[in-house]
There are 2 protein chains.
Amino acid sequence: MHTVDCLQRDNSPASQTDVPPGCEASPEHVSLCRLLAHIPLLNGLSDQEISRFARGVREFKAEKGEVLFHRGDPCHGFHFLLEGQIKLAFTSSDGHEKVIEIMRPGHSFGEAVMFMDKPYVVMAQTLTDCRLLHIAKNVVFEEMSRDPLFCRKIIAGLSQRLHHLIADVETYSLRNGRDRIIGYLLREEEMNGDQVTQGRVSVRLPTNKGTIASRLNLTQEHFSRVLHDLIDSGLIEVEGRTIHIVDIERLRDSLN
Amino acid sequence: MHTVDCLQRDNSPASQTDVPPGCEASPEHVSLCRLLAHIPLLNGLSDQEISRFARGVREFKAEKGEVLFHRGDPCHGFHFLLEGQIKLAFTSSDGHEKVIEIMRPGHSFGEAVMFMDKPYVVMAQTLTDCRLLHIAKNVVFEEMSRDPLFCRKIIAGLSQRLHHLIADVETYSLRNGRDRIIGYLLREEEMNGDQVTQGRVSVRLPTNKGTIASRLNLTQEHFSRVLHDLIDSGLIEVEGRTIHIVDIERLRDSLN
DNA sequence: GCGCGCCTTTAACCTGAGTCAAGTTTCGAA
DNA sequence: TTCGAAACTTGACTCAGGTTAAAGGCGCGC
C-alpha cells in the first residue's frame with residue numbers, strides 16, 4: 001500500500017499522449033478519446049475538442065489498497081473512475097477514520113479542490129483494483145474559458161454534489177443509526193432497480209460492512225447490531241454482503 | 001411570522017426596475033447598480049453588464065422572524081444578504097430543527113438549488129430585520145452564457161461552499177461537542193481580528209445561544225454546560241452574548 | 001418602573017451509540 | 001486442505017450528549 005506517483009508523472013511530457021498536430025491518431029490517443037466521449041461532463045463536445053482534451057488526460061490503474069492522494073497533497077487535476085471502487089475519507093489525529101463517500105465507476109472527484117487551488121482535504125484509497133483517468137487542471141481551465149456550456153455542466157455537477165452533501169448532513173444530524181441504515185438500503189436498491197420495485201428485493205453491499213458503517217457515521221459494531229435488529233423484526237435477511245429486503249414497502253414504512 | 005411573497009412578485013414586470021433602453025438612469029436603477037457593483041460575484045463586470053444584470057434584481061426588506069422560503073418551495077433565483085442575519089435550517093418531521101448556516105452580510109445563498117432547477121431543500125428565516133437582494137435566475141444564466149469569467153467566479157463560489165460543508169461534516173463526525181465549540185470560538189475570533197491575535201480577546205456571538213448550539217449540532221443545554229466547563233477551566237469568561245477568551249493560545253492548545 | 005416572554009441555566013435522569021474484549025466466520029494464499 | 005488474517009458478531013460496560021422539568025435572569029414594550 002503506497003502512494004501512486006501520478007502527480008509527479010503529470011509534469012513529464014513523455015507520459016502524456018502527446019501527438020504532433022495533424023497526426024493525432026496514435027492508437028492510445030484514439031482509445032482515450034473513445035473513453036472520454038462517454039464521460040457525462042464531456043458529452044456534447046466536438047471530436048476536435050475531445051481530442052484536445054485528451055492531451056491532458058492520463059489513464060492508469062491502481063491496485064486494491066493504494067492511496068491515490070492524502071490530505072494535504074497538492075491537486076493538479078481531477079479523477080474519473082472507470083472501474084473499481086474508491087473511498088474518500090478523512091482521518092483524525094487519533095487515527096479514527098470517517099468515510100465520506102464510496103465512489104463507483106462513472107463518478108469523478110477532486111474537482112472542487114482543483115478549482116480552489118488548494119491541497120486535498122480528504123484522502124482517497126482504492127477498495128478494489130481500479131482503472132481511472134486523471135484529467136489535468138489546465139485542459140479543464142482552457143475548455144472552460146472557451147465553452148460556456150462546458151462551464152454549465154461543471155456548475156451543474158458541483159451543485160449536485162453540494163446537494164448530496166447537504167442531504168448527508170441532514171441524515172447525520174436528524175436521523176438515528178437505524179434510520180440511516182434503512183435509508184441507505186433503500187437508496188442502494190433504488191440505484192440498481194430500473195423501475196419502482198415492490199415486495200422482495202436484494203441489495204449487494206458494494207464493499208465491506210466496516211467501510212459502509214463509517215460512511216453512515218456508525219461503528220462497525222453498531223452497524224452489525226442494527227442489521228440484526230432488522231433481521232429480528234423480519235424486515236431483512238442477510239447473506240454475507242447480500243441483504244434481502246423481505247418487503248420493501250414494509251421497510252419504507254418502518255422509517256420515521 | 002409569515003412567508004415573504006417575493007417569489008410571486010418575481011413574475012410581475014411592474015416590480016422590476018424595468019427601464020426602456022437608452023434611458024436607464026432612474027434613481028432606483030442607479031442605486032441598485034451601485035449596490036451590485038460591490039458584490040464579489042459581479043466585480044469585474046462592466047457598467048453596462050451591471051446595468052443589464054440589475055433588471056433581474058430586486059431589493060427588499062424582511063422583518064425578524066420572517067421565513068424567506070420553506071423546503072419544497074420553487075426557486076427562481078438566489079439571495080444576497082445586505083444587512084442582518086439569516087439562518088438556513090432543516091426541520092425533521094417531529095419538529096426538530098438543525099441550523100446549517102448562519103448567514104451574514106455579504107453572503108449569498110440558494111445558488112446551488114437554482115442551478116439544479118429543484119425546489120429548496122432547506123428553509124431560510126431571518127434572525128434580525130434584514131435587507132436583501134434577490135437575483136433572478138434568468139439574468140444569471142444569460143450572463144453565464146456570455147462571460148466565462150463570470151462562470152469561473154460561480155464555480156469558485158460553489159467550490160468554496162462545498163469545501164466548507166466538508167469541513168463541517170468532518171467536525172461533526174470527528175470532534176466532540178467541546179472541541180466543536182472551541183473551534184467555533186476560534187474561527188469567530190479569526191473572522192473579526194485582522195491580524196493574528198494573542199492573549200485576551202473577546203468574541204460576540206452573532207445570535208442567541210440556542211441557534212448557535214444547533215449550528216454546532218448540539219442542544220442548547222449541552223452548549224450551556226460546555227461553556228460553563230470552559231469557564232471552570234479558566235479558559236473563557238461569559239458576559240451575555242460576549243465571550244472573553246482569557247488566553248487564545250491556551251484555548252487553541254486545549255483542543256485535540 | 002413593572003411585568004411579561006423569552007432566553008438561559010441547572011439538576012436529575014435516560015439512552016443511543018461507542019469501547020473493549022472475546023469469540024466466530026469467511027476467504028484467500030500457500 | 002489447511003492456515004492465518006481479516007471481517008464480522010456478540011456481550012458487558014461506559015459515556016457523551018439528549019430529555020425533561022423547573023428555576024432564574026434579562027431585555028423590552030407599555
Side-chain angles (χ1 to χ4, degrees), chain A residues 1 63-65 85 87 92 94-99 102 125-129 171-184 204-232 236-243 256, chain B residues 1 63-65 85 87 92 94-99 102 125 127-129 171-184 204-232 236-243:
Chain A
M1 192 191 297
E63 282 180 17
K64 173 173 176 169
Q85 283 155 29
K87 72 172 178 201
S92 71
D94 58 345
H96 281 224
E97 187 181 274
K98 154 70 183 144
V99 174
I102 298 167
Q125 186 177 24
T126 59
L127 296 170
T128 62
D129 290 354
T171 54
Y172 293 154
S173 46
L174 253 32
R175 307 224 169 261
N176 63 18
R178 182 180 193 270
D179 285 0
R180 293 208 292 278
I181 292 177
I182 294 177
Y184 177 80
R204 185 156 179 83
L205 301 179
T207 184
N208 62 345
K209 295 182 184 171
T211 302
I212 291 169
S214 171
R215 163 72 247 260
L216 298 174
N217 242 341
L218 298 168
T219 57
Q220 175 157 266
E221 292 91 333
H222 191 34
F223 185 78
S224 175
R225 276 191 273 263
V226 170
L227 237 40
H228 285 265
D229 284 354
L230 295 178
I231 294 172
D232 294 345
I236 64 170
E237 289 158 17
V238 176
E239 220 183 305
R241 277 189 192 169
T242 304
I243 315 280
N256 201 337
Chain B
M1 194 189 299
E63 282 182 18
K64 174 174 176 168
Q85 281 155 32
K87 72 172 180 203
S92 71
D94 58 345
H96 281 224
E97 187 181 275
K98 154 70 182 145
V99 174
I102 298 167
Q125 184 177 27
L127 296 170
T128 63
D129 291 353
T171 55
Y172 293 155
S173 47
L174 254 31
R175 306 225 168 261
N176 63 18
R178 185 180 191 268
D179 285 359
R180 293 209 293 278
I181 291 177
I182 294 177
Y184 177 79
R204 185 155 180 84
L205 301 179
T207 184
N208 61 343
K209 295 181 182 171
T211 303
I212 291 170
S214 171
R215 164 71 245 261
L216 298 173
N217 243 342
L218 297 169
T219 57
Q220 176 157 280
E221 292 88 338
H222 191 35
F223 185 75
S224 177
R225 279 192 279 262
V226 170
L227 237 39
H228 284 265
D229 283 355
L230 295 178
I231 293 172
D232 293 346
I236 63 170
E237 289 158 18
V238 176
E239 220 182 303
R241 276 188 193 169
T242 305
I243 315 280

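Values reported hereafter were calculated over all heavy atoms of this structure, with side chains retained and with hydrogens, waters and symmetry mates removed. Residue numbers begin at 1 in each chain, while the letters A, B, ... track the order of the sequences.
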Given atom [atom1] of [X] and atom [atom2] of [N], what is their separation to the nearest angstrom?
X        : N      : atom1 : atom2 : result
B:Arg180 : D:dG18 : CZ    : C1'   : 13 Å
A:Asp229 : D:dT9  : CG    : P     : 12 Å
B:Leu216 : D:dG17 : CG    : C1'   : 14 Å
B:Lys98  : D:dG17 : NZ    : P     : 14 Å
B:Arg241 : D:dG25 : CZ    : C1'   : 14 Å
B:Ile231 : C:dT8  : CD1   : C1'   : 12 Å
B:Leu205 : C:dT9  : CG    : P     : 10 Å
B:Ile212 : C:dC7  : CD1   : P     : 13 Å

Can you find a pair of side-chain heavy atoms, one from [X] and one from [Y], that are under 4.5 Å apart?
X        : Y        : answer
A:Ile182 : A:Leu230 : yes
B:Tyr184 : B:Leu205 : yes
B:Pro206 : B:Ile212 : yes

> Is a side-chain N or O of A:Asp129 found less than 3.5 angstrom from the main chain of A:Glu63, in a donor-acceptor match?
Replying inline: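 The answer is no, because no donor-acceptor pair under 3.5 Å joins these two groups.
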>> Applying side-chain hydrogen bond (donor to acceptor under 3.5 Å, both in side chains), can you list everything that pairs with A:Glu237, at least two apart in sequence or on another chain?
In response: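 side-chain hydrogen bond (donor to acceptor under 3.5 Å, both in side chains) list for A:Glu237, sorted by chain: A:Arg200.
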If you only use heavy atoms from C-beta on, which nucleotide in [options] is closest to the side chain of [X]?
X        : options               : result
B:Arg225 : D:dC8, C:dA12, D:dT20 : C:dA12
B:Gln220 : C:dT9, D:dT10, C:dT19 : C:dT9
B:Glu221 : C:dG18, D:dC8, D:dT19 : D:dT19

> Out of curiosity, A:Asn208 CG to A:Ser214 OG, how far, rounded to the nearest 0.5 Å?
Replying inline: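 Here the rounded value is 10.0 Å.
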> Looking only at heavy atoms, which two atoms of A:Gln85 and A:Thr128 are closest? And how far apart?
Replying inline: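 For A:Gln85 and A:Thr128, the tightest heavy-atom pair comes out as N-OG1, 3.0 Å.
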Please produce a list of atom pairs where a protein N or O lies less than 3.5 Å from an N or O of nucleotides 23-30 of chain C.
none

> With respect to the phosphate group of D:dA16, does any side-chain polar atom (N or O) of B:His222 fall under 4.0 Å of OP1 or OP2?
Replying inline: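 Indeed not, no polar side-chain atom of B:His222 lies that close.
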> For D:dG18, does either OP1 or OP2 sit under 4.0 Å from a side-chain N or O belonging to B:Thr219?
Replying inline: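 Result: yes.
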